[in-house]
Peer 1: 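Let me give you the structure first, and then I'll get to my questions.
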Amino acid sequence: MKIFNTLSRRKEEFVSLTPGEVKMYVCGPTVYNLIHIGNARPMIVFDTVRRYFEYKGYTVRYVSNFTDVDDKIIKKANEEGVDADTISKRYIAECKKDMEGMNVKPATVHPLATEEIDGMEDMIETLIEKNHAYVAQDGTVYFRTSSFKEYGKLSHKNLEDLQSGFREIKVTGEEGKEDPNDFVLWKPKKEGEPYWESPWCEGRPGWHIECSVMAKKYLGDQIDIHAGGEDLIFPHHENEIAQSESANEKPFATYWMHNAFLNIDNRKMSKSLGNFFTVREIGEKYDLQVLRFFMLSAHYRSPLNFSAELMEASKNALERIITCAGRLRDLEQKAAGEAETCEEQGHMEEADGFRRKYEAAMEDDFNTADAIAAIFELVKLANSTADENSTKAYVSYLKGMLEELCGVLGLITQKKEEALDSQVEEMIAARQKARKEKNFALADQIRAQLLEMGIVLEDTREGVKWKRV
Ligand code: AMP
Ligand code: ZN
């Protein structure tokens, strides 16, 4: 499997630190508002990377943080007259709803910056002890970039160039810096801001330190993949490397992956430019599966321009896949149970070829665009060869493969209502079983759960009937 590594600027063969295991850290959003579809790009892309590793049999430990202490959160809290915690909790909950809609799996751990302050203080202490950090007069702690010889290795920036670029710039409030490249690890509190006690001053951590600390705590000193949008390469990821490698004295992440921007009118979609659509807004117009399909229709390292036309095209393309899968499911139920015919065997081999194409595309730095093309070849084969005369074995084979390959991309091949119907049927069957076994408590519990979903049951002589209320 080949991955483009920002560190070497080359595609490299993937070798995990521990056989059969992938440790992945993906920088998450700052939670002060609903996420926009630009923020959704890394979520969808790296969730797909995770799913592909799982398909290949790896156990993936996937960690993604929520930055829940930040100037923008504090500003929003002051505007609303509530505390920062209220704002971040609200938008974490909203973000999780959006993730679910886009079928982004929850991370193994979603740490919160505010719950990891002790770890941050420990790492800062270590950096000070090792002379990689210093405390200014006002209690601000800075990382000493000149102490980390490899500073700039990720962004391919040269420290001297950076220094001369900065020479003329004096930033107020940062007088205590030894060097303009140095960055904040801990800063003193300001009036009305949340703060924590520390050996240096009452204050709060800088942004970069949280990811170094969370990666270490939940994945260890060395991880396989560190990922995020390309705007994070410098300074965020460059600074994370400097902190982690100076504190732990080990290489931090083996592979650094960065997605390109989601643009609108060829400019980066961003909160500050105001040119964004929230995931919620898109969800009012489209099933969020369409958004997911749209994101994966381009390679993650290519800029992607958002447009209504492309969304419509994605909607139609996804519809073709869903229709095909639905037809295969119908045929499977009706088909006779005999073994596949010789002719069908030939088609199954053809289908295997499409699976190989799909895998080759995914293993070439996660080329989801080509993987989707392979899925369409499979759809074409199914549409032209599977019908009422096909055997169950053949139809099931195609259906299974289509569902599996789409599933690895996080695409659900069932319409929402259809998926819900089968979930209801399963729950009713479980209730019947419970009743038969005289486990009435469980049966009642299932009935209540169904009621919560808006489903009412009616026990009739012909069996259980259900309807939506
Ligand atoms: P933020 O909340 O701004 O820190 O962003 C969270 C994640 O979204 C980071 O990985 C960013 O790189 C990514 N991101 C933000 N805007 C875009 C965009 N327009 N296109 C792609 N990724 C983005
Ligand atoms: Zn980060």
Side-chain angles (χ1 to χ4, degrees), residues 6 24-47 49 62-73 76 87-88 91-92 94-95 98-99 102 104 107 109-113 116 119-120 123 154-155 183 185 205-219 223 225-244 252-253 256-279 282 291 294-296 298-307:
T6 308
M24 235 177 130
Y25 187 96
V26 181
C27 293
T30 307
V31 277
Y32 66 102
N33 222 325
L34 291 174
I35 57 162
H36 62 68
I37 56 175
N39 303 134
R41 191 171 189 191
M43 287 180 182
I44 293 172
V45 161
F46 299 116
D47 176 64
V49 168
Y62 190 101
V63 177
S64 191
N65 63 311
F66 286 116
T67 299
D68 64 344
V69 55
D70 170 271
D71 289 342
K72 293 180 218 123
I73 301 174
K76 176 106 175 173
I87 298 293
S88 56
Y91 290 108
I92 287 170
E94 298 296 351
C95 180
D98 288 337
M99 284 168 62
M102 297 186 293
V104 169
V109 193
H110 276 294
L112 306 182
E116 308 290 343
M120 295 191 223
M123 190 178 274
L154 180 71
S155 52
F183 56 89
L185 298 172
W207 170 38
H208 314 299
I209 193 76
E210 74 179 76
C211 292
S212 283
V213 167
M214 294 171 183
K216 180 182 172 78
K217 176 166 172 188
Y218 296 102
L219 298 170
I223 67 174
I225 298 174
H226 198 311
E230 67 180 11
D231 51 339
L232 300 188
I233 298 174
F234 188 86
H236 185 52
H237 287 166
E238 195 69 66
N239 291 352
E240 277 192 47
I241 293 180
Q243 296 164 158
S244 294
F252 183 22
W256 288 84
M257 294 180 74
H258 294 98
N259 64 274
F261 291 144
L262 176 78
N263 292 330
I264 189 154
D265 299 327
N266 297 311
R267 292 180 77 184
K268 180 194 173 195
M269 184 176 285
S270 76
K271 291 250 168 73
S272 52
L273 289 174
N275 59 348
F276 63 87
F277 289 107
T278 60
V279 171
I282 298 299
L291 181 67
F294 161 76
M295 294 284 185
L296 297 178
H299 190 273
Y300 75 92
R301 283 190 296 111
S302 306
L304 176 59
N305 212 40
F306 179 80
S307 73

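Everything numeric here is computed off the predicted structure, so don't read it as measured data. Excluded from the calculations below are hydrogen atoms, water molecules and symmetry mates; all remaining heavy atoms, backbone and side chain alike, are included. Note that ligands are numbered from 1 as they come in the structure, with each ligand's atoms numbered from 1 the same way.
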Peer 1: Hey, what's the ring geometry for His237 with His258, parallel, tilted or perpendicular (30° and 60° as the breaks)?
Peer 2: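 His237 vs His258 ring planes: tilted.
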
Peer 1: Judged by modelled atom types alone, do Tyr25 and Glu240 share a side-chain donor-acceptor pair under 3.5 Å?
Peer 2: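 Absent: no donor and acceptor within the cut-off.
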
Peer 1: Considering only N or O atoms, set out every pair between ligand 1 and the protein closer than 3.5 Å, with distances to one decimal place.
Peer 2:
| from | atom 1 | to | atom 2 | distance (Å) |
| --- | --- | --- | --- | --- |
| ligand 1 | 2 (O) | Thr30 | N | 3.2 |
| ligand 1 | 5 (O) | Asn39 | ND2 | 3.3 |
| ligand 1 | 8 (O) | Asn39 | ND2 | 3.3 |
| ligand 1 | 10 (O) | Gly229 | N | 3.0 |
| ligand 1 | 12 (O) | Gly229 | N | 3.2 |
| ligand 1 | 12 (O) | Asp231 | OD1 | 2.4 |
| ligand 1 | 19 (N) | Leu262 | O | 3.0 |
| ligand 1 | 19 (N) | Met269 | O | 2.8 |
| ligand 1 | 20 (N) | Leu262 | N | 2.7 |
| ligand 1 | 22 (N) | Gly38 | O | 3.1 |
| ligand 1 | 22 (N) | Asn259 | ND2 | 3.4 |

Peer 1: How wide is the angle at the Zn ion (ligand 2) between NE2 of His236 and SG of Cys27, to the nearest 10°?
Peer 2: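 So the angle at the metal works out to 120°.
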
Peer 1: So do Ile73 and Thr30 actually touch side chain to side chain, heavy atoms under 4.5 Å?
Peer 2: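 Contact flag for Thr30/Ile73 side chains = yes.
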
Peer 1: Taking salt bridge (charged side-chain N to carboxylate O under 4.0 Å, His left out) as the definition, give me every residue that meets it alongside Lys268, ordered by chain and number, with sequence neighbours left out.
Peer 2: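 Asp231.
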
Peer 1: Testing the 3.5 Å rule here: is there a donor-acceptor pair between the side chains of Gln243 and His208?
Peer 2: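 Distance-only check fails for Gln243 and His208.
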
Peer 1: Of all N, O or S atoms in Glu240, identify the one at the shortest distance from the Zn ion (ligand 2).
Peer 2: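 It is OE2 of Glu240.
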
Peer 1: Scan side-chain atoms only and decide if Tyr91 and Asp68 contain a donor-acceptor pair under the 3.5 Å cut-off.
Peer 2: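 No.
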
Peer 1: State which residue, out of Phe276, Phe261, Phe294, fulfils the ring pair (Phe, Tyr, Trp, His ring centres under 6.0 Å) condition with Phe306.
Peer 2: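 That would be Phe294; it is the only one of Phe276, Phe261, Phe294 passing the ring pair (Phe, Tyr, Trp, His ring centres under 6.0 Å) with Phe306.
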
